[in-house]
Amino acid sequence: MDFSWAHGILDWLSANPGWTTAFIFFVALCEGVVVAGLVVPGATLLFVAGALVGTGHVELWPSLIAAFFGAFIGDSISYLLGKHYGDRLRTYWPLRRYPRALAKGDEFFAAHGGKSLVFGRFVGPVRGIIPAIAGMMGMPPRPFFIVNFFSALFWAPAYLLPGMVFGASLAVAASVAVRLVALLLLVLVIAWGGWWLIANVLAPRLRSSGALIAWRARNWGRYHPLAAQALSGPRYALRAFSYSAGWVWWAALAGLVALAIYQAVLGGPTLLDEALLGALVTYTSVELRGFFILPSLLLEPTVWVPALLGGVLWVAGGGRWRGALVLVLIVSASALVAVLMGLGLSNWSTIPLYRGAPLLGFPSPEVAGFTSLVLAVGVLATVVYGPLRWPVLILGVIIPLLAALSGVIVGRLWFVDALGGLLLGVVMAGLVIMARSSAQRRLPERTLPAIVAGVLVAAVAFKGVTALPDERERFVVQAQAPQLTTDEWLEVGPAESLGRELRWLDGGRRPVDIQWLAEIEAIKECLEQAGWVEPDRRLHGVLRWFQPDPEVEKMLPVARWHRGRLPDLIRVQQIGDDQRLVLRLWLAPVEMVETDKQVWLTTLELETVHSRWPVANVKSEQLSLVQRQAAVNDMLRAGDVPILEPGQPVRIVPLQALQ
C-alpha cells in the first residue's frame with residue numbers, strides 16, 4: 001500500500017504541533033463513527049501521530065487524552081444512532097452501501113455480545129459498526145457506556161504507542177527497532193504459553209485432583225462416622241476450591257505469598273505506597289480526606305472486636321456452640337497470623353519512617369481481622385453452596401475493601417499492608433467453608449449480620465465523636481512542611497525524626513550523600529561548569545537501553561524514587577567508555593525561612609553499562625568516601641563550604657548563610 005500521501009500530513013503537523021491534538025481527536029472520532037470508520041484510514045493516521053510524539057514534536061498526554069475522548073464520543077454517536085433509528089439505519093445512505101460490513105458486525109456481536117465492544121475496536125472492518133449494532137439490538141445505555149469508557153481507555157494508547165516507539169527508535173538507531181520487535185514477539189510467545197499452560201494443563205489437573213481427593217475422602221469416611229465427619233469439610237472445601245468462587249481463594253493465597261516474598265526480600269513500603277501517600281498529602285484537601293475518616297474507623301480493634309463478641313454471644317446464646325467457636329477462631333487467628341507474619345518478615349515498626357508516614361505492618365492485623373469477620377459472618381449467614389453465595393462474596397469484599405481503602409487515604413496504613421491484610425482475611429475466612437461443610441446441621445445464621453452490623457455502627461458513631469477533630473488536625477500537620485532557619489537545619493541530628501527523614505531515600509533503603517543549600521538555577525550552573533550533562537529523559541533515553549552500543553552519556557539512568565517522586569534534577573558525568581557518575585536531586589520536605597535558598601537531597605552513584613541482548617545491563621554502586629569527596633570538591637563554587645559530620649551527609653552551605 002502506498003503511504004506517500006502521509007508524508008505531507010506528517011510535515012504539516014510537525015510545523016503546526018498545536019493542531020495535532022485536534023487532528024488526533026478527529027481521527028479517533030471518525031474511527032468510532034459508523035461508516036466513517038470504514039473510509040478514514042484511522043489506524044495509519046494514528047500511527048503517524050504516534051510517530052510525531054515519539055520524535056518529540058508532540059506532547060504525549062494531550063495526544064492520549066484526545067484519542068480517548070475521540071474514541072469514546074465516536075462510539076457513543078454510533079450507538080445513539082443505532083438506538084434511535086433501529087434496523088431502519090441499515091437502509092439509509094451511506095450505510096446501505098456496506099452490506100458485507102453489516103453482516104460481519106452482526107456475526108461478531110452475536111458471537112461475543114457485550115465483549116464485542118472491546119474486541120471490535122481492534123478489528124478493522126467492524127470497528128465503527130459494532131456500536132451501532134449494539135444500539136439496534138437494544139443494549140441498555142448504562143452497560144454500553146461503561147464498557148465504551150474502559151475500551152476507549154485501553155484503545156487510545158494501543159494505537160498511539162506503536163507509532164511513538166517507531167518514531168523514537170528512528171531517532172535513536174534503526175537497530176533498536178529490530179530488538180524491540182524481537183522482544184515483543186518473545187513476550188507475546190511467553191504470555192501465550194503461560195495462558196495455554198494454565199487453561200489446558202493446570203486448571204484441568206486442579207479440578208481432577210480435587211475431585212479425586214474428595215471422592216477418596218468420601219470412601220474413607222464410610223469406615224467410621226467420626227472419620228466421615230472429619231473428612232467431610234476438607235472434601236467439600238477441595239471441591240469448592242477447584243471451581244468458580246474457589247479460584248478467588250486460590251488467587252488470594254497466591255497474591256499473599258507473592259507479597260510476602262517481596263516483603264521478605266525488600267521490606268518497607270513499595271514505590272506505589274510512597275507515591276500514593278505523596279499524592280494524597282499534596283493534591284487532596286482536608287475536607288476530601290475527612291469523608292473517609294468514619295469508614296477507616298471500622299479497622300479499629302475497639303470497633304470490630306465488640307462486634308465480634310456480640311456475634312459470638314448471639315450464636316452461642318442460641319446453643320450453636322460450633323458456629324461461635326469457628327467465628328472466634330477464624331477472626332482471632334487472622335489477626336494473630338498477621339502479627340506473626342509481620343514479625344517474621346521483619347516488616348514491623350513502632351515509629352514511622354518519616355513525618356506523616358504510617359507504621360509498617362505487613363499484613364495489617366486490623367484489616368485481616370475485620371475482613372475475616374465480615375466474610376465469616378457472611379458464610380455463616382447463608383448456605384455455603386446456595387444461590388446467595390455470590391452476593392455474600394461481593395458484599396463481604398466491598399465492605400472490607402472500602403474500610404482498607406479509607407485507611408490508606410487517611411494515612412493510617414500503607415497500601416501494600418492493607419492489601420496484604422485483605423488477602424489474609426480472605427484466605428482465613430475461606431476456612432469457614434471447610435468448618436461449615438463438616439457440620440451436620442447447616443442452618444443459616446440469618447440474624448447474625450444484623451447483630452454484627454448494629455454493633456459496628458454504634459461503635460463507629462461513638463468513636464467518631466472524638467476521632468474526627470483529631471484526624472482533621474493530623475491532616476493539616478501532615479501537609480505542612482517544617483519551617484527551619486539555616487542554623488536549625490544544621491543542628492538537626494541524625495537520630496532525630498527529621499534527621500532520619502533527611503538522610504534516607506527510597507523508603508529508607510538508600511542514603512542521601514549530600515544536603516545542598518542553594519537555588520536550583522545556581523546548582524545547574526555549577527554542575528554545567530563541572531562537566532555534568534543532562535541525560536535524555538524522554539522516550540529516546542529509554543530506547544538507548546536497547547542499543548547494541550549504548551551511548552553512556554545520553555541513556556536514561558536507572559530510576560530512583562523519593563516518596564514516590566522521580567528526581568527533580570538528574571545529571572551524569574562520563575568517566576570511561578562504559579562508566580558514568582549519576583547525580584540526582586530531590587527537593588527536601590522542609591521549608592527554609594530567612595533565606596531564598598532551598599535544601600536539596602542529593603545522591604551520587606557509579607553506573608557501569610554492559611551491552612547485552614536485548615537490554616543493556618547497568619550495575620549501580622555507591623561511591624566510596626574518597627570518590628564522593630572528590631566529586632563534591634569538583635562541584636563546589638566559590639563561597640561554598642562543605643560540612644562533614646559523623647553519621648551525616650555532606651552539607652554544602654554558602655558561606656554567607658553561616659554568618
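Under the 4.5 Å side-chain criterion, counting only non-hydrogen atoms from C-beta, M592 is in contact with L517. Under the 4.5 Å side-chain criterion, counting only non-hydrogen atoms from C-beta, L288 is not in contact with I409. Between I514 and V512 the shortest side-chain heavy-atom distance does not fall below 4.5 Å. A 4.5 Å side-chain heavy-atom check between V641 and P654 finds every atom pair outside the cut-off. You'll find the side chain of L259 reaches within 4.5 Å of the side chain of F362, heavy atoms only. The side-chain heavy atoms of V533 and E553, taken from C-beta on, include a pair separated by under 4.5 Å. At least one side-chain heavy atom of P557 sits less than 4.5 Å from a side-chain heavy atom of I570. E591 is not listed as a side-chain neighbour of L484, based on a closest heavy-atom distance of 4.5 Å or more.
Atom OG1 of T603 sits about 11.5 Å away from atom CZ of R628, to the nearest 0.5 Å. To the nearest 0.5 Å, atom CG of residue L345 and atom CG of residue L266 are 12.0 Å apart. Here the straight-line distance linking atom CG of L636 with atom SG of C526 works out to 7.5 Å at 0.5 Å rounding. Here the CD atom belonging to Q598 is positioned 9.0 Å from the CD1 atom belonging to I523, to the nearest 0.5 angstrom. Here L601 contributes atom CG and R563 contributes atom CZ; the two are 9.0 Å apart, rounded to the nearest 0.5 Å. How far CG of L655 is from CZ of R637: 11.5 Å, rounded to the nearest 0.5 Å.
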* side-chain contact (heavy atoms from CB on, under 4.5 Å) assessment of L569 paired with K524 -> CA-CA 9 Å; L569 184 71; K524 291 180 179 178; 3.8 Å; yes
* Could you walk me through whether L490 and I643 pass the side-chain contact (heavy atoms from CB on, under 4.5 Å) check? -> CA-CA 9 Å; L490 293 174; I643 300 178; 4.0 Å; yes
* Asked: Would L581 and W532 satisfy side-chain contact (heavy atoms from CB on, under 4.5 Å), going step by step from the backbone distance to the final call?
  -> CA-CA 9 Å; L581 296 177; W532 295 82; 3.6 Å; yes
* To do: Could you walk me through whether R565 and W586 pass side-chain contact (heavy atoms from CB on, under 4.5 Å), step by step?
  => CA-CA 8 Å; R565 295 187 298 111; W586 288 267; 4.1 Å; yes
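Using a distance-only test at 3.5 Å, with no hydrogens or angles considered, a donor-acceptor pair links the side chain of W414 to the main chain of P358. The closest donor-acceptor contact from the side chain of W600 to the backbone of A518 lies under 3.5 Å. Between the side chain of E519 and the main chain of E521, no donor-acceptor pair closer than 3.5 Å is present. A side-chain donor-acceptor contact under 3.5 Å links E496 to the backbone of G493. With hydrogens and angles disregarded, a donor-acceptor distance shorter than 3.5 Å links the side chain of R503 to the backbone of G647. Not one N or O on the side chain of S349 forms a donor-acceptor pair closer than 3.5 Å with the backbone of P352. Without hydrogens or angle criteria, D634 side chain to A530 main chain gives no donor-acceptor distance under 3.5 Å. With hydrogens and angles disregarded, no donor-acceptor distance shorter than 3.5 Å links the side chain of W516 to the backbone of T602. Formation of a donor-acceptor pair under 3.5 Å by the D506 side chain with backbone atoms of R560 is not found in this model. Of the possible polar contacts, one joining the R509 side chain to the G267 backbone as a donor-acceptor pair under 3.5 Å is found.
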For residues 23-30, tabulate all N or O donor-acceptor pairs below 3.5 Å that involve a side-chain atom, not counting sequence neighbours.
none

Return all side-chain donor-acceptor pairs below 3.5 angstrom for residues 614-621, not counting sequence neighbours, or 'none' if the list is empty.
none

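Residues V492 and Q648 come closest through the heavy atom pair O-NE2, 2.9 Å. Here the closest heavy-atom approach between residue G342 and residue P363 is recorded as N-CD, 4.4 Å. What you find for T485 and E488 is that their closest heavy atoms are N-OE1, 3.0 Å. Nearest approach of D513 to P649, heavy atoms of both residues: O-CB, 3.5 Å. A pairwise comparison of heavy atoms in G421 and V367 identifies C-CG1, 3.6 Å as the closest pair. Nearest heavy-atom pair, P589 versus H562, reported as atom, atom and distance to 0.1 Å: CD-NE2, 4.4 Å.
The environment of N633 atom CG is dense: over 12 non-hydrogen atoms of other residues, nucleotides or ligands sit within 6.0 angstrom.
K554 has no carboxylate O lying under 4.0 Å from a charged side-chain N of D536, or vice versa, which leaves the two without a salt bridge. The pair E605-R584 meets the salt-bridge criterion, with a side-chain N (NZ, NE, NH1 or NH2) lying under 4.0 Å from an Asp/Glu carboxylate O.
Under the rule for a side chain to side chain donor-acceptor pair (under 3.5 Å), E645 has no partner lying at least two apart in sequence or in another chain. Partners of T595 under the side chain to side chain donor-acceptor pair (under 3.5 Å) rule, at least two apart in sequence or in another chain, do not exist in this structure. Remark: R580 pairs with E607 by the side chain to side chain donor-acceptor pair (under 3.5 Å) rule, at least two apart or across chains.
Judged by the 6.0 Å distance and 45° axis criteria, R651 is positioned over the aromatic ring of W489. A cation-pi arrangement, defined by a distance under 6.0 Å to the six-membered ring centre and an angle within 45 degrees of its axis, is absent between R500 and Y354.
Sorted by first and then second residue, the salt bridge (charged side-chain N to carboxylate O under 4.0 Å, His left out) pairs with a member in residues 271-281 form an empty list; sequence neighbours excluded.
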